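Only this structure's heavy atoms are used, side chains among them; waters, hydrogens and symmetry mates stay out. Lettering follows sequence order; numbering is per chain, from 1. Every value quoted in this text rests on a predicted model; they were computed, and no experiment measured them.
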Amino acid sequence: DVKVTQSSRYLVKRTGEKVFLECVQDMDHENMFWYRQDPGLGLRLIYFSYDVKMKEKGDIPEGYSVSREKKERFSLILESASTNQTSMYLCASSVRGEQYFGPGTRLTVT
Amino acid sequence: QKEVEQNSGPLSVPEGAIASLNCTYSDRGSQSFFWYRQYSGKSPELIMFIYSNGDKEDGRFTAQLNKASQYVSLLIRDSQPSDSATYLCAVNRVQTGANNLFFGTGTRLTVIP
């Protein structure tokens with residue numbers, strides 16, 4: 001079974017803090033993704049990576065950055081958290097187009 | 001036009017009935033189609049994928065693809081209360097690599113006991 005884990009299920013941060021969300025997959029997948037999911041807006045792609053040290057912007061990269069130093073790990077960084085970044089953050093990895101999601105991190109920025 | 005469109009629902013069916021979930025997509029070059037199930041408060045779970053025109057069956061689930069009409073559907077036979085969830089349709093993004101997907105906003109299904 002594919003296993004994708006995320007560092008936290010719930011996180012509360014203050015405006016202006018730097019926030020790190022970690023994602024690890026154990027299936028040696030090349031591709032990894034970060035999404036946010038908001039009611040009525042669905043899943044929106046923030047960044048993705050198709051190889052170690054490679055990253056590409058998704059549809060809503062503003063205010064975020066990513067890091068992929070090892071194949072199994074893909075980190076999302078909120079440089080200076082803002083209240084409009086309160087959301088559910090989902091990491092996924094994929095093979096042959098089939099994406100497998102982690103449990104998600106519900107981030108609240110106050 | 002959105003890349004992937006789904007009826008937002010909610011869709012309610014009685015237990016034991018067939019639930020029919022529909023999805024249309026805009027890019028005629030799309031080749032891969034996926035259905036995810038998402039329970040409230042949980043992450044999406046892949047339940048079906050289909051690449052060729054026609055039907056693909058897996059237990060109580062059948063995915064149907066019609067590329068000419070740019071239409072993909074999911075049928076759930078003998079619906080159970082445990083099928084109550086939001087179902088997301090996803091389609092591969094032709095313009096980008098890394099197996100990127102466009103997701104619909106989902107259809108909420110409620111199966112009434």
Side-chain angles (χ1 to χ4, degrees), chain A residues 1-6 8-10 21 23 25 27 29-61 66 68 71 74 87-106, chain B residues 1-10 21 23-27 29-52 56 58 61 63 65 72 85-108:
Chain A
D1 276 353
V2 176
K3 185 138 182 165
V4 181
T5 58
Q6 294 183 231
S8 306
R9 289 301 312 273
Y10 300 94
L21 302 181
C23 176
Q25 52 98 359
M27 288 303 294
H29 288 170
E30 302 284 341
N31 305 310
M32 296 187 74
F33 309 83
W34 275 106
Y35 295 89
R36 60 178 287 177
Q37 186 175 34
D38 302 285
L41 297 177
L43 281 161
R44 292 182 291 167
L45 181 64
I46 304 171
Y47 267 95
F48 64 98
S49 169
Y50 52 87
D51 202 352
V52 176
K53 297 194 186 292
M54 305 303 288
K55 58 186 179 185
E56 294 284 346
K57 293 179 180 178
D59 301 316
I60 52 162
V66 290
R68 193 163 181 204
K71 191 175 187 179
F74 192 35
S87 186
M88 170 70 90
Y89 288 88
L90 291 159
C91 174
S93 69
S94 83
V95 59
R96 298 184 308 273
E98 301 156 31
Q99 292 191 15
Y100 298 90
F101 286 86
T105 296
R106 185 163 294 282
Chain B
Q1 183 187 3
K2 289 184 180 178
E3 292 84 1
V4 179
E5 298 213 48
Q6 297 180 250
N7 291 333
S8 60
L21 304 161
C23 174
T24 58
Y25 59 95
S26 61
D27 194 327
S30 296
Q31 297 292 323
S32 308
F33 307 87
F34 306 86
W35 283 100
Y36 287 81
R37 177 177 62 201
Q38 187 173 21
Y39 292 114
S40 181
K42 303 293 186 183
S43 61
E45 173 193 10
L46 179 65
I47 56 172
M48 289 285 288
F49 55 87
I50 186 167
Y51 301 135
S52 304
K56 180 182 178 182
D58 183 2
F61 297 95
L65 174 61
V72 58
T86 297
Y87 289 81
L88 305 176
C89 172
V91 175
N92 75 296
R93 298 190 186 205
V94 176
Q95 301 302 325
T96 67
N99 310 127
N100 268 322
L101 302 178
F102 282 118
F103 285 84
T105 53
T107 299
R108 180 175 293 183

Requested in this report: Anything in residues 85-92 of chain B with a heavy-atom distance to chain A below 4.5 Å? Please list those residues in order.
Outcome: B:Leu88
Report summary line: Ordered numerically, the heavy-atom neighbours of chain A under 4.5 Å found in residues 29-39 of chain B are B:Phe34, B:Tyr36, B:Gln38
Report task. Heavy atoms only: give me the nearest B:Ser43-A:Pro103 pair and the separation to one decimal. Result ->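 Taking every non-hydrogen atom into account, OG-CA, 3.8 Å.
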Query - Atom of A:Leu90, atom of B:Pro44 and distance for their closest heavy-atom approach - result: CD1-CD, 3.9 Å
Requested in this report: Determine, stepwise, if the pair A:Phe33 / B:Asn100 fulfils side-chain contact (heavy atoms from CB on, under 4.5 Å).
Outcome: CA-CA 9 Å; A:Phe33 309 83; B:Asn100 268 322; 3.0 Å; yes
Could you state the interatomic distance from [atom1] ([X]) to [atom2] ([Y]), rounded to the nearest 0.5 Å?
X: B:Glu3; Y: A:Asp59; atom1: CD; atom2: CG; result: 7.5 Å
X: B:Thr105; Y: A:Arg44; atom1: OG1; atom2: CZ; result: 12.0 Å
X: B:Leu101; Y: A:Phe48; atom1: CG; atom2: CZ; result: 11.0 Å

Measuring heavy-atom distances to chain B, does [X] have an atom under 4.5 Å in its side chain, in its backbone, in both, or in neither?
X: A:Asp51; result: neither
X: A:Gln37; result: side chain
X: A:Arg106; result: neither

Query raised in the report: B:Leu46 versus chain A, heavy atoms under 4.5 Å apart: side chain, backbone, both or neither?
Result: side chain
